[in-house]
Amino acid sequence: MEIPWDIIVIQTVNGVVTGMILALVASGLTLIFGIMDVVNFAHGELFMLGAYMGVVTLAATGNFWLALVVATLIIAALGAALQVVTLRPLLGRDPLYTILATFGISLVLQNYALWQFGPVARKIQEPFTGQFALFYLQYPWYRLLIAALSAAIIGGLYLFLKYGRYGIWIRATTQDRVMAQAMGIPVPWVHTGVFAMGAGMAAASGVLFGPLVGVNHAMGLDWVLKAFIVVVVGGMGNLGGSIAASIFISLLEAYASIWVSPSQAIIVSSVVLILTLLFRPTGLFVPTPK
Amino acid sequence: MMAPQAPAEPLISVEGVHTYYGKSHILNGVSLQVAPGEVVGLLGRNGVGKSTTLKTIMGLINASAGRIVYEGRAVTGQPSHKLARIGIAYVPEDRRIFRLLTVMENLRTGLDRHGVSEAQKKKLLEKVFQYFPRLAERRHQAGGTLSGGEQQMLAIARAMMLEPKIVLLDEPTEGLMPRMVSQIREIIEVLHKDGVAILLVEQNVPLTLAASQRVYFMEKGAVQHHAAAAELSVDHPVIHKYLGV
């Protein structure tokens, strides 16, 4: 069988682009889990609300980049408020409580969006429409830009966590919440800040991805499901692992869709999840425990 | 033997504190005081509540009754990060350094506080590295890769970054080689000379008697006896009574 190199290259580009967006969504999710032990079922709705906030701001200002910043900041503030009101009082309780709380938030936010914006999908106009030739395709530059922007945001997060004063607070809290507090680190506010950051990253990915798909009240569901898969495959709470798993799974799906339909290719990520849970439940991208 | 006078103006005063772990009554009305700059030992057999006393003072466990007064105001029930910021530092029994953070990052958890200038930070670091040159050599190494003794140094150095008025020091010599034990003894002396108060929980009786001005003896979750360290020796009947050595 002849290898269709042109299609493989196109699908590699598609896989990396989708993988970077997914990595951006999953980074927020894994950050929240790693630090707070909270499985945030409302993450997809923060992604969706971010996209809607982008639609509203874009309609008011006509500036995509301003819409990206405003949506990120507003949803980050909403995330902070949600954490203080619903999750902070549950700190130290059984994880089931936080799962139920975030699931409840997701239902409220989804129905709010349906009520506020209606069932018809909205479109975010991409900031530029240039294309370049990729074999027989005219490939939009915007797709490459969102991959680059996602990489830049994740890179910024890495640098912040590695070198920033609050980044060290966050990493210390991840490792030993009690001792971090004994060192004067205001752990409840670290949790709030991390939740806000995760929410802001979800919102940014919602706005960035908005031009490629329609914005509707249920758009978060697919993404958060996939983000959960990469968080488990990458190793719960492992930021680098989630990024690697996002690209890995997106590439697998992209390659699979050369031979089967894209809707069937989605099965690949489920298969990877099942195999990971069966044979390496700590995640594919974490070092083997010694 | 006369019990020494409690300090007239204590830095910290624990007054009839009770603490529970679930339904287990661990502290049964602990009362003790530490004056500014004073080193006070807290001795007793395993399981009498010495470490729990330190954890309760640090706000890591809630006191169900009684109160803790620091610099004249009640701090009972305050979260530990607020206590750390007003000058109470805690060095736990199992060190609990941040294993994946470098030595420098471990120190920065205490150093990067509001209101500390860059010059102050530099001075504090120089001071700590002067006391613990091994930490200076390993400043970029992950905390988890240090030896037990180095980890203990790091735990104490990290607490010093808070510029505390009192350090709650829980079994700092546990599991250390004799050479390291004498280094810990020296650092207690240095902190004392700097005017830092220390509440020292230790199994090493000679070290506790040598380092402390006063000693409290705990039994059954409460302070049962109180003496000046200078009046005690390892073979004193009080030591036999409360420690059974």
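So that the names make sense, note that chain A is the first sequence line, chain B the second, and so on, each numbered from 1. What you see is a predicted model; the values in this text were computed from it and never measured.
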Quiz item: From A/Thr173 OG1 over to B/Phe98 CZ, what is the distance, rounded to the nearest 0.5 angstrom?
Solution: 7.0 Å
Quiz prompt | Side chain / backbone / both / neither for B/Arg96 at chain A, heavy atoms under 4.5 Å | solution = both
Practice problem: Apply side-chain contact (heavy atoms from CB on, under 4.5 Å) to A/Met179 and B/Arg95, showing your working. | Solution: CA-CA 9 Å; A/Met179 205 55 224; B/Arg95 292 145 199 162; over 6 Å; no
Practice problem: With a 4.5 Å heavy-atom cut-off (strictly below), which parts of residues 123-152 of chain B touch chain A? List them by number. | Solution: none
Exercise. Calculate, to the nearest 0.5 Å, the distance between atoms CZ and CH2 belonging to B/Arg108 and A/Trp169 respectively.
Key: 11.0 Å
Quiz prompt | Backbone N/O of B/Arg99 and side chain of A/Gln175: donor-acceptor pair under 3.5 Å | solution = yes
Quiz item: Considering all heavy atoms of both residues, which atom of B/Glu105 and which atom of A/Arg171 are nearest to each other, and what is their separation?
Solution: OE2-NH2, 2.7 Å
Exercise. Please round to the nearest 0.5 Å and tell me the distance separating atom CG of B/Leu60 and atom CD of A/Gln181.
Key: 8.0 Å
Quiz item: For B/Tyr21, does the OH atom have more than 12 heavy-atom neighbours from other residues, nucleotides or ligands under 6.0 Å away?
Solution: yes
Quiz item: Relative to chain A, which of B/Leu100, B/Ile88, B/Leu162 shows the most heavy atom pairs under 4.5 Å?
Solution: B/Leu100
Quiz item: Which residues from residues 72-85 of chain B are near chain A, with near meaning under 4.5 Å between non-hydrogen atoms?
Solution: B/Pro79, B/Ser80, B/His81, B/Ala84, B/Arg85
Exercise. Give me the one residue out of B/Asn106, B/Thr109, B/Asp112, B/Leu111 that meets side-chain contact (heavy atoms from CB on, under 4.5 Å) with A/Met183.
Key: B/Thr109
Quiz item: To the nearest 0.5 Å, what is the distance between CD1 (A/Ile168) and CE (B/Met104)?
Solution: 9.0 Å
Quiz prompt | Whether over 12 other heavy atoms sit under 6.0 Å from A/Phe160 CZ | solution = yes
